[in-house]
Each structure stands twice: as C-alpha cells, then as structure tokens.
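Structure, as structure tokens:
Numbers restart at 1 for each chain; the letters A, B, ... are given by sequence-line order, proteins then strands. Hydrogens, waters and symmetry mates are skipped; everything else that's a heavy atom, side chains included, is used.
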Amino acid sequence: MTNSDSPINNENFLELIIRKDLDNGLNKNDLKFRFPPEPNGYLHIGHAKSICLNFGLGKIFSAPVNLRFDDTNPENESIEYINSIKKDIKWLGFEWNSECYASDYFDQLYKWAINLIEKDKAYVDFQDQEIISDQRGVPTSPGVNSPYRDKSIEENLSQFQKMKSGGYKPGDCVLRAKIDMASPNMHMRDPVLYRVMKTAHHRTNEKWKIYPTYDWAHGQSDFIEQVSHSFCTLEFEVHRELYEWFLQNIDTKKSLIPKQREFARLNLSYTIMSKRKLSELVDSGLVKGWDDPRMPTISGLRRRGVPPQAILNFCEKVGVSKRENIIDYALLDFCTREILNKISYRLMVVFDPIEVVITNYDENQSETLLAENNPEDKTYGNRKISFSKNILIEKEDFKEEANRKFFRLTLGKEVRLKNAYIIKGESVEKDDKGNIKKIFCTYDQKSKSGSGSPESLRKVKGTIHWVDKNNCENISVDVYDKLFKIESPDENPENDFKTFINENSSNNFENVYAESNINNVDYDKYYQFQRKGYFKLDNKSSDKKFIRTVTLRDNTKF
RNA sequence: UGGCUCAUGGUGUAACUGGUAACACGUCUGGUUUUGGUCCAGAAGAGUCUAGGUUCGAGCCCUAGUGAGCCAACCA
C-alpha cells in the first residue's frame, strides 16, 4: 500500500508492521492503539516516546488510541498519579479515545480464570513464594512441577472461589496457569495469574481480595478493548509467548486478536529513566518532588520551561527501533532552543552587575527607547525600555584590556549597548584591593539604535545587554545543571546510581537585575534573557522567580 | 535446556523487491547579524562487528563466530 508519491518514506519498523497487516487483509477501521501506564509514578520523557509513538500512529492511520491505566497492583498506585498522567498527556497535546482501566475488567478476567481452571489449565498453588521460585528452576535447566499442580478441577474451582472471597491470607496461595515447567522461556513455567492482596484499590475499593498480575491482565485488556497493535518496550519481548498463549486459551469469540510488538525504550544521557529510581530520588529528598526541574519527568520539563512541541520534535528525531540507545542530552536542548527561539519574548537581564557611568550623559536626563520583543516574529511587537546616565552591565562583559577575540567592552574601544547607543570605555574606578567598582564611558549621542543615522549604522565589534540602574527590578533566578555527573548513572548495577548525583546541580542567583518590563511577565509565556538563555517563571513560586530552561548556544572563544 | 533480541560516523535513525552508505544532533570552517543567538554556506568523520558463502553485484540474503541487552517478583 503506497499512497504517497514521495520517493522516500522513512517509516519505522512498527509502521511497516502495520502496513503489512493492512496489506494482508486487516481492515483499516480495525486499527486501534493504546498507551498503558501504571499509575505508580509520574510520566517521564521515556513515556513521552511511547505516547508520541502510539498517539502518532493514531494520527497517521486515523485510528483511536485508548488511555488505559494498568492498575493491577493497588499497593503502589494512587489517584494522584492518575491525575498527573492525564494532565501530562493533555499538555503534550494528545487526546485519547477512551479512558480505560484494567480494573474495569476484573470481573471478566475472573470469569476467564474460571474458564481456564475448568479446562484444567490453571490451578491454585499453596506453596511459599520461595519454593515456587526454586521449583521454577533457572533458564538453563528445567523446573519441577508443583505438588498442587494435579488437583481436581472441582477442588481448584472451590479454592479459587475461596481466594476471591477472602478466605485466604496474602501469601497463602496463588492461581497459576498450567503450561510447561520445562519451557526454555521462564514466563511459561506456570506463571502466576492471581495473588491474594487485602489492599483497597483506588477504584474498586474493597471489592477484590485477589488481584491479577500484569501478564494475566494486559493482553486480555488489549483484547477487550480490541486493540489491534499493542506496542511495548523490549523487556516484554519474552512475555510475548505468554501473551499469545493466554489469548489462545481464553474463550473468545472470533474477534480481533491483538498483536504485541516491542521497541527499545528511550535512554537520555546524564539522567535515569527508571520509575523506581526516580521515585527513590523523590522519596529521599534528593530532588524536590516529581516536578523538580532537574527531573526527566514531563512535569519537571514543563516546569523547567521546555515547551511541549520541543518534546514532540525530540521524540520524532529520536526515532523508533529495537536497538539499545543513549540519546545525547544535546538533542533535547537543540529541540528546546529551536522552539523557544521562535516563541520567546526577549528581555534584558543582568546577572552579575557592574555599574557603567555615561560621563557625557546629562545627570537628570532619562529617555525611553524601543526594543523588539522577538526578532524572529515582528507580530510580537515592541516594548519600551528606559535609559539613563547610570546603567548596569555584566561584569564578564568588561575587561580593561583584551585581545582581538573579546567582542565586548574594553577601555578605548567601542561597543554597542543592545537597543541603545554605542559607548566607549574611558576609565575605571577601583577600590583599595584593585577591584573595579565603576566603569566610565562616553556615548555617541547620534548612534541611537534604530535611528538610521550613519552613526547608528557604524560597525562595532560587539553588542552587550544592560539595564537602567535607575529603573530596574531585582529578581531571583534558579539555574539548574545536569542531575548526574556521568552519562549513564545506572549502567552499572554494582554502583548505586545515587553516588553519581551532581551535588551542584541547583544554584540560585539573587543579585540579578532586569529591565522594568519584567513586571509584565506571564506564567504561561516563554522568555529569552538576551545573551543569557531561555527562562520561565516558576509556576510553583508566587514571587518573581525564574528558572533557566537552557542556555543559548555559545561559540565564545577567547 | 537454555531461549529471545540487537549490531551502520562521536550520538540517534535511514537506505523500500540486493545496485556501491543518507538525514538529524554534535564537532570544525567561513559569511550575515544591534543577541558570540538565529540564519546562510561549507568541511571533517563510517565503508556498515568478524570470517566464510550465495550473487555480475551484499549494510541488506545464508552459515558460523564475537560482542551487547532481556528473561529465573505473588512489579509493570
């Protein structure tokens, strides 16, 4: 099926599988996908890959995509996670077809389990967990059968009913499928279908005393929803045989049988992607919550100021394959900058100020200048900024003398003040220790930005940002660095990933001064502090606190 | 009695029914620029894990190695 005339169609291998199924007779209207998170943590950028993949497929093939919560283990799950997951998916811009819960299928699952017992394909095992584990053997040698494997169907039926009604304590017994204790695939060695758990479920409350395992619930949930393609990560590849065994052995009418296929999960350099480990960071207080700006969570990235489109583009560029991978964090930064450059409002902010006195500027004078809000998009309009005799610039933008590669302010040389005038360094005032306290400059009155005068058009070696000392605001900025010091903190299981945490990953700057337009900033807008980077107001803070999303690309060489 | 999967520049993906390796990030030049940003132009960097085989021709097919990942929760 080729309905595109473009010679190149770089479809990923999953799209190819779907195309092939379509060619082999699968009805296009039967296509359906799903995104199946377990509500036991917040979504991270790795989930975003899966979300983009599944919802993206939905868009490509105009097929529905369900959001299904895999809520089979009430001990780890909560409504807080459900809400955060829904919020994150919406924020990314996707809409699910129906909101489903594995727990909605508990009754059906129970009936199918009874079926299995009736067909002598499941039994209640009363052994300890350790014994069951020992009997399962190791991959290289077969396991042995449980002594409870060959009970009568009637006995199993009544025991299973007793399990359901709460007649047994957790750990007393489990329901197991009767498959093959000698299978080279460990998952086929009589896997557990149900365990006794007397924990209240966030949706079914006290109704169930037994809960299905992932394997027993997942494929059947796909089937109930009539999902055509069930895409999951590589570690579930060995579960596929079981997935298919269940689907063949439950009583189903001639409906569509879902197909499980696997792709490689996303790994990002300098961070971790395991929900368990992220959870550990949160619980131990090493980060301040799931939405800490250093976290690779969707909520962390959102708070940090990464726009949703950047995440979408990132997932697109990352691609889908079956290879182990570690994506360079620089790719995410690139995608972030690419979007932010187009949509952010520019402001001038000085992070480490030093005063410049314009000696030939009238003491009592001040004026209003015009600055572009976004040079990439004129519709963003202009803003007014004030200028006077005393201004603040970055300390690092001045050197008494410097080589030719230093495109900033030096003594005797000219530099342009962004959106204002061309100034020339004349002298400095130092304290007893030789530290520069003030810089004295002269300005060229005719060089006003945008005036079109010959003087304003003069080429100077550099442009620096500044704020009017007499009309600026003190703000607070949080600057975050990578959370880990090494590229793959959890690559070696011998080492605790926490030992690689970058303890200097969070820095606050208080001596920061911004042009007075900072008073008009918005919580849902993105900003660029010129020459400094992209910044976003912290949604968690009521006062004017900014978070640096990412720096600008920097080619400085001196 | 082990099974399954993967292997292409530094990184990530392409290369459709075999035709002589492409795109993106990163790196490095140069140009433009009132952000050392953006933008534009260009360069370096792999001969496709190894060895055989099939073929006129192999990254792609076959065989055998090698390396890596996953599987032995009543987690997902």
Could you work out which one of B:U35, B:U11, B:C74 sits closest to the side chain of A:Q528? B:U35
When we call it a touch if two heavy atoms are under 4.0 Å apart, what does A:R276 touch: a base, just sugar-phosphate, or nothing? nothing
Side chain of A:R323, base of B:G12: donor and acceptor closer than 3.5 Å? no
Result of checking A:R458, A:R408, A:K424 against A:E414 for salt bridge (charged side-chain N to carboxylate O under 4.0 Å, His left out): A:R458
Which glycosidic conformation, syn or anti, is assigned to B:G47 if syn requires a torsion within 90° of zero? syn
With a 4.0 Å cut-off on heavy atoms, is A:L331 in touch with a base, just the backbone sugar-phosphate, or nothing at all? sugar-phosphate
Does A:N555 place a side-chain N or O at less than 4.0 Å from the phosphate oxygens OP1/OP2 of B:G37? yes
Under 4.0 Å, counting only non-hydrogen atoms across every strand here, what does A:F334 touch: a base, just sugar-phosphate, or nothing? sugar-phosphate
Listed nucleotide nearest any side-chain atom of A:T463, set B:A76, B:G2, B:G36: B:G36
Base, sugar-phosphate, or nothing for A:V192, non-hydrogen atoms under 4.0 angstrom? sugar-phosphate
For A:H239, answer base if it contacts any base atom (sugar-phosphate contacts may also be present), sugar-phosphate if it contacts only those atoms, and nothing otherwise; contact means non-hydrogen atoms under 4.0 Å. base
Nearest to the side chain of A:D328, heavy atoms from C-beta on, is which of B:G10, B:U13, B:U38? B:G10
Closest to the A:L552 side chain: B:G37, B:U33, B:C75? B:G37
Which part of the nucleic acid, if any, lies within reach of A:R136 when heavy atoms closer than 4.0 Å are counted: base, sugar-phosphate only, or nothing? sugar-phosphate
Contact class for A:G533 vs. all strands (heavy atom < 4.0 Å): base, sugar-phosphate, or nothing? nothing
Nearest atoms (heavy-atom pairs only) where A:E77 meets A:H202: OE1-NE2, 3.3 Å
Base orientation of B:A46, chi within 90° of 0 counted as syn, else anti, reads anti
Within this structure, what is the NZ-to-C1' distance between A:K418 and B:U35, rounded to whole angstrom? 5 Å
Separation between the P atoms of B:C71 and B:G36, rounded to whole Å: 50 Å
Does A:K557 make a side-chain N or O approach to OP1 or OP2 of B:U29 shorter than 4.0 Å? yes
Answer whether the closest heavy-atom distance between the side chains of A:Q161 and A:Y110 falls below 4.5 Å. yes
Want to settle it: does A:E324 or A:R531 sit nearer the 5' end of RNA chain B, counting the closest nucleotide to each? A:R531
Over all strands shown, is A:T72 touching base, sugar-phosphate only, or nothing at heavy-atom distances under 4.0 angstrom? sugar-phosphate
I'd like the C1' distance from B:G67 over to B:A51, given in whole Å. 15 Å
Under 3.5 Å: donor-acceptor pair, side chain of A:S447, backbone of A:I422: yes
Could you tell me the separation between the NE2 atom of A:H187 and the C1' atom of B:A76, rounded to a whole number of Å? 11 Å
Could a donor-acceptor pair under 3.5 angstrom be found where the side chain of A:R337 meets the base of B:U38? no
Distance-only, no hydrogens or angles: does the A:S133 side chain make a donor-acceptor pair with backbone N or O of A:Q129 under 3.5 Å? no
Check RNA chain B for consecutive Watson-Crick or G-U pairs with both distances under 3.5 Å and list the runs of at least three as stems. B:2-7 with B:66-71, B:10-13 with B:22-25, B:27-31 with B:39-43, B:49-53 with B:61-65
How is A:Q129 classified with respect to the nucleic acid when contacts are heavy atoms under 4.0 Å: base, sugar-phosphate, or nothing? base
Tested for side-chain hydrogen bond (donor to acceptor under 3.5 Å, both in side chains) against A:H465, the lone hit among A:K418, A:Q530, A:E394 is A:E394
Hey, is A:E11 close enough to A:R19 for a salt bridge, meaning N to O under 4.0 Å? yes
Considering only heavy side-chain atoms of A:F406, the closest of B:G2, B:G36, B:U35 is B:G36
Report the relative orientation of the aromatic rings in A:F61 and A:F33; use parallel for angles under 30°, tilted for 30 to 60°, perpendicular for over 60°. tilted
What does A:I464 touch in the nucleic acid at a heavy-atom separation under 4.0 angstrom: a base, only the sugar-phosphate, or nothing? nothing
Base, sugar-phosphate, or nothing: which does A:N40 touch, judged by heavy atoms less than 4.0 Å apart? nothing
Within the structure shown, what part of the strands sits under 4.0 Å from A:G462 by heavy-atom distance: base, sugar-phosphate, or nothing? nothing
May I ask you to say whether A:K532 pairs ionically with A:E396, meaning some side-chain N is under 4.0 Å from a carboxylate O? yes
Whole-Å distance, A:K399 NZ to B:G36 P, equals 15 Å
In whole angstrom, give the distance that lies between atom CD1 of A:I326 and atom C1' of B:A68. 12 Å
Using atom C1' in both nucleotides, what's the gap between B:G57 and B:U20 to the nearest angstrom? 9 Å
Indicate yes or no: does A:D180 engage A:R189 in a salt bridge with an N to O separation below 4.0 Å. no
Give a yes or no on whether a donor-acceptor pair under 3.5 Å exists between the nucleobase atoms of B:G37, that is its base, and the side chain of A:E376. yes
Distance between the P atoms of B:A7 and B:C49, in whole angstroms? 9 Å
From the list B:U13, B:G36, B:C75, which nucleotide is the closest neighbour of the side chain of A:S321? B:U13
Answer with base, sugar-phosphate or nothing: what part of the nucleic acid does A:Q127 contact at a heavy-atom distance below 4.0 Å? base
So what does A:V138 touch, heavy atoms closer than 4.0 Å: a base, only the sugar-phosphate, or nothing? base
Where the side chain of A:V238 is defined as all heavy atoms beyond and including C-beta, which of B:A76, B:A72, B:G3 is the nearest nucleotide? B:G3
Can a salt bridge be assigned to the pair A:R34 and A:E225 using a cut-off of 4.0 Å between side-chain N and carboxylate O? no
Please determine, for the side chain of A:N325, which listed nucleotide (B:U13, B:G37, B:U35) has the closest atom? B:U13
Output the distance between atom CG (A:L57) and atom CZ (A:F35), rounded to the nearest 0.5 Å. 14.0 Å
Is the distance from OP1 or OP2 of B:C70 to the nearest side-chain N or O of A:R265 less than 4.0 Å? no
Toward the 5' end of RNA chain B, by each residue's nearest nucleotide, A:D180 or A:T213: A:D180
Report the nucleotide, chosen from B:C75, B:G36, B:G37, that has the shortest atom-to-atom distance to any side-chain atom of A:P375. B:G37
Figure out the NZ/P separation between A:K322 and B:U5, and round it to whole Å. 7 Å
When rounded to the nearest Å, what value does the distance between P atoms of B:C16 and B:G2 take? 38 Å
Just how far, in rounded Å, is C1' of B:C75 from OH of A:Y211? 15 Å
